[in-house]
Amino acid sequence: MMGYGMMSFGMWFFMLLWWGVIIAGIFLAGYGLIQLFHNKKTEKNTPGNVALEQLKIRYAAGEISLEEYNERKQVLLS
């Protein structure tokens, strides 16, 4: 007679392992999403990116020439 308490050790082990994998996957997916959004948020606010955006705006407005734009861009990216 097999009842509720008669499940073998192997079945319990694999059941717990399966749920552990599922829970770990959920946590890893959440951690990955948090890191993705955090990196995008901090990436926009770095001083190099702000300076490069201002340089692009000045070039688009005609305040600086293409040669000056390229020279300054190289300095910012190096």
Side-chain angles (χ1 to χ4, degrees):
M1 183 168 149
M2 294 184 69
Y4 175 73
M6 301 303 280
M7 190 180 282
S8 70
F9 175 74
M11 293 175 78
W12 277 106
F13 176 74
F14 285 112
M15 183 179 68
L16 289 175
L17 182 66
W18 175 250
W19 281 107
V21 168
I22 290 173
I23 291 171
I26 291 170
F27 280 117
L28 287 174
Y31 179 76
L33 288 173
I34 289 171
Q35 290 299 317
L36 178 68
F37 290 124
H38 178 70
N39 288 341
K40 283 186 176 181
K41 185 175 138 184
T42 57
E43 186 177 285
K44 291 179 182 176
N45 296 331
T46 58
N49 287 340
V50 172
L52 190 57
E53 287 300 316
Q54 290 176 351
L55 183 63
K56 288 178 185 178
I57 291 169
R58 289 187 64 197
Y59 174 67
E63 295 178 14
I64 58 175
S65 67
L66 178 61
E67 294 81 21
E68 188 176 359
Y69 170 78
N70 287 331
E71 289 173 8
R72 291 184 183 197
K73 182 179 174 184
Q74 288 300 324
V75 170
L76 288 174
L77 296 177
S78 62

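Note that the structure is a prediction, hence the values are computed from the model and not measured.
Note that OH of Tyr59 and CG of Asn70 are 7.5 Å apart. Values are rounded to the nearest 0.5 Å. Taken to the nearest 0.5 Å, the CD1 atom of Ile22 stands 5.0 Å off from the CH2 atom of Trp18.
Connection of Ile26 to Met15 is established within a shared hydrophobic cluster, with ILVMFWY side chains joined at heavy-atom distances below 4.5 Å, either directly or through further cluster members. In this structure, Leu55 is a member of the same hydrophobic cluster as Leu66, with clusters built from ILVMFWY side-chain heavy atoms closer than 4.5 Å.
Applying the salt bridge (Lys or Arg N to Asp or Glu O under 4.0 Å) test to pairs two or more places apart or on separate chains, those with a residue in residues 55-65 are Glu53-Lys56, Arg58-Glu63.
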Contacts table for residues 71-78: side-chain donor-acceptor under 3.5 angstrom, sequence neighbours left out:
residue : atom : partner : partner atom : Å
Arg72   : NE   : Glu68   : OE2          : 3.3
Arg72   : NH2  : Glu68   : OE2          : 2.6
Ser78   : OG   : Gln74   : O            : 3.1
Ser78   : OG   : Val75   : O            : 3.1

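Side-chain contact between Leu17 and Phe14 is present, with heavy atoms from C-beta onward closer than 4.5 Å.
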